[in-house]
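See structure below.
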Amino acid sequence: MSTPSLRIDEIPTDLFIGGAWRASRSGKRIDVFDPATEQRLGSVADATTEDAILAVDAAAKAAPGWASTAPRKRSEILRRCFELITRDAEQLAELISLENGKALADARGEVAYAAEFFRWFAEEAVRINGEISVAPSGAARTIVQYQPVGIALLITPWNFPAAMATRKIGPALAAGCTCILKPATETPLTAYAIARLLAEAGVPDGVVNVLTTSTAGKISNVILDDRRVRKLSFTGSTEVGRVLLRKAADSVINCSMELGGNAPFIVFDDADMDAAVDGAMIAKMRNGGEACTAANRFYVQRGALPEFSERLATRIGALVTDDGLKPGTQCGPLVNRAAVEKVASLVDDARSKGARVLTGGKVLDRKGYFYLPTVLAGVTPNADLLGEEIFGPVAPIVAFDTEDEAVKLANATEYGLVAYIYTRDFARGLRVSERVESGMIALNRGLVSDPAAPFGGVKQSGLGREGAHHGLLEFMEAKYISTNW
Ligand code: NAD
């Protein structure tokens, strides 16, 4: 393994509550592992329900002061958060690569993306405008004002441990909310490294609290049962999202849900083939395929099928798969053993139903959680991987003939996060974009993520949007004042 330049032992590993680093009430710890070597990296505190209440207390104590802090001041603190993450970008990228496994180049991309949420929401914090109008009857004036929704519980996944946290903390703070972040157990160190930077940037004590725990369900139940908490912003699987939505119903909590995806990648015969293959490499292989936006199903029109399949298999087959921190690595390990087993079983299922392996198709015989980047051709409609998130470096290819068929195939899923479409016919591109049931479309592009754009899904991919001005409004309530003068 290559040696990271960051000092793991300098990263705080206790709970961050009310601006102080505290051991868990139980004294228990959670081990953190390096997916490239299976070695233990260290441990973090394992929060109890008592710790969770202390975090809500801290967020409640800080709430009035933060909500009444001048927007310009909040904005400047957020801007400072952007600057500090940018200052420490290389160390954060190494840390992400170490605990998540992703290739360092991907981790660097994530840190830049994560920092941008603070810059964007520093700009949005001073653009919270209300509305004023005369009621249609002429009988009253209508004033609409936006106010912070209140204390927010933020739950994030392991696949983008920095960006999924800043995509929530940025708008929460810009809106004037205080919050409790519950990061994923697999990647807690990145969350604590960011919390330390937020404190250095001048985020007041209690405005952001961070709890790591091995009992996510218990902790989130206690927090959501506390009537002082008014917002849940969750990023993770649809399965857990459903559980949390049911729980949030008890207190009618305002929910934003960024859930799973099953992105179609549609290539028409008239596509610019260089662009389509380049885009496919980004859409499939960024983060080793461990992205909610990852292309999960490649639908290729019959005329383009031989060239696209061959070129994609050549490019994917040439990727260097190794320890994410090693120079030259393009695809790191998956996050844990369960992830490798899931990917392997999906590929085996597709093969048993008739798919052909053009490249890859196996677990690497070495320490660590490595699956060889894979392209499958002739995937049959009954293959399980067309219906669920692969979350790994596997590209299944399916042929289609007509535009209508492509749309039908793309929509044959409960998910609707993002869809990729490649065609030189712009009118067709827009027509298909409108017909595909998806919150986001990448038209002749392999990437949609942008802090300035509304990120989110339809159907069972979620509720609400993150980023853009929309992301700020997720943490605000509209208050309407009816008056006359
Ligand atoms: P996950 O749903 O297993 O876990 C997400 C978070 O929820 C973690 O912090 C976990 O500890 C916590 N959690 C698990 N069970 C819980 C419970 N009962 N109560 C409260 N919290 C609970 O997802 P994951 O495996 O960490 O991440 C991968 C998933 O996230 C994929 O489905 C992916 O598509 C999705 N994702 C979506 C987006 C998006 O923006 N739509 C972005 C990234 C990841």
Side-chain angles (χ1 to χ4, degrees), residues 30 32 35 44 46-47 49 52 99-102 110 113-114 117 153-168 180-188 190-191 210-225 229 232-248 253 255-263 286-296 334-336 338-339 342-343 388-392 413-418 438-440 448-451 453-467 471 474:
I30 310 167
V32 186
V44 293
D46 189 359
T49 51
E99 65 175 352
N100 164 284
K102 69 178 75 176
E110 180 184 347
Y113 179 49
F117 283 105
L153 171 61
L154 317 176
I155 303 181
T156 52
W158 48 261
N159 63 337
F160 290 95
M164 296 302 96
T166 62
R167 196 163 79 171
K168 297 184 189 306
I180 299 155
L181 171 69
K182 208 270 339 137
T185 324
E186 293 84 350
T187 53
T190 303
V210 185
L211 295 177
T212 42
T213 179
S214 62
T215 53
K218 250 166 90 179
I219 294 295
S220 60
N221 280 352
V222 165
I223 296 176
L224 293 173
D225 276 336
V229 176
L232 167 63
S233 178
F234 171 76
T235 298
S237 62
T238 297
E239 195 187 352
V240 173
R242 283 190 201 103
V243 171
L244 285 167
L245 277 169
R246 278 188 210 109
K247 179 66 204 166
I253 285 197
C255 289
S256 300
M257 295 274 152
E258 294 289 348
L259 309 177
N262 180 6
R286 189 170 70 105
N287 237 30
E290 291 179 310
C292 53
T293 50
N296 208 60
L334 296 180
V335 73
N336 55 28
K342 180 187 167 193
V343 170
E388 57 182 284
E389 276 189 300
I390 302 167
F391 240 62
T413 172
E414 69 189 22
Y415 297 103
L417 189 60
V418 60
S438 174
M440 301 176 285
V448 284
S449 304
D450 182 338
F455 187 106
V458 300
K459 294 160 84 176
Q460 296 197 30
S461 284
L463 301 168
R465 295 293 179 267
E466 291 192 315
E474 298 279 326

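All residue numbers refer to positions in the sequence shown, counting from 1. Indexing begins at 1, ligand by ligand and atom by atom, following the structure's order. Only this structure's heavy atoms are used, side chains among them; waters, hydrogens and symmetry mates stay out.
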Could you pull out the closest heavy-atom pair between A291 and F160, with the gap in Å? CB-CE1, 3.9 Å
N/O to N/O below 3.5 Å, does that happen between V240 and ligand 1? no
Only heavy atoms count here, so choose which of C292, S461, A163, A184 is nearest to atom 36 (N) of ligand 1. C292
Using distance alone, decide if ligand 1 has a nitrogen or oxygen within less than 3.5 Å of any nitrogen or oxygen in K182. yes
Which residue and heavy atom of the protein sit nearest atom 13 (N) of ligand 1, plus the separation: A216 CB, 3.7 Å
If you count the atoms of ligand 1 from 1 in the order shown, which ones are under 4.0 Å from a heavy atom of T156? 6 (C), 8 (C), 9 (O)
For ligand 1 and T238, I'd like to know whether there is a polar contact (N/O to N/O, distance under 3.5 Å). no
among protein heavy atoms, the one nearest atom 34 (O) of ligand 1 is E389 OE2, 2.5 Å
Using a 3.5 Å cut-off on N or O atoms only, is T185 in polar contact with ligand 1? no
Between I155 and ligand 1, which residue portion shows a heavy-atom distance shorter than 4.0 Å: side chain, backbone, both, or neither? side chain
Under a 4.0 Å heavy-atom limit, does P183 contact ligand 1 with its side chain, its backbone, both, or neither? backbone
Shortest protein heavy-atom distance from atom 27 (O) of ligand 1, along with the residue and atom involved: P157 CB, 3.3 Å
Purely on distance, is any nitrogen or oxygen of T235 under 3.5 Å from one on ligand 1? no
Would R167 and E466 count as a salt bridge (charged side-chain N to carboxylate O under 4.0 Å, His left out) here? Give the steps. CA-CA 7 Å; R167 196 163 79 171; E466 291 192 315; 2.5 Å; yes
Hey, is atom 4 (O) of ligand 1 under 4.0 Å from any protein heavy atom? no
What I want to know is whether N159 and ligand 1 share at least one N or O pair that is separated by under 3.5 angstrom. no
Indicate every side-chain donor-acceptor pair of residues 235-244 with a distance under 3.5 Å to a residue at least two apart or in another chain.
unit_1: T235; atom_1: OG1; unit_2: K168; atom_2: NZ; d: 2.7
unit_1: S237; atom_1: OG; unit_2: V240; atom_2: N; d: 3.3
unit_1: T238; atom_1: OG1; unit_2: G260; atom_2: N; d: 3.2
unit_1: T238; atom_1: OG1; unit_2: Q460; atom_2: O; d: 2.9
unit_1: R242; atom_1: NE; unit_2: Q460; atom_2: OE1; d: 3.3
unit_1: R242; atom_1: NH2; unit_2: Q460; atom_2: OE1; d: 2.4

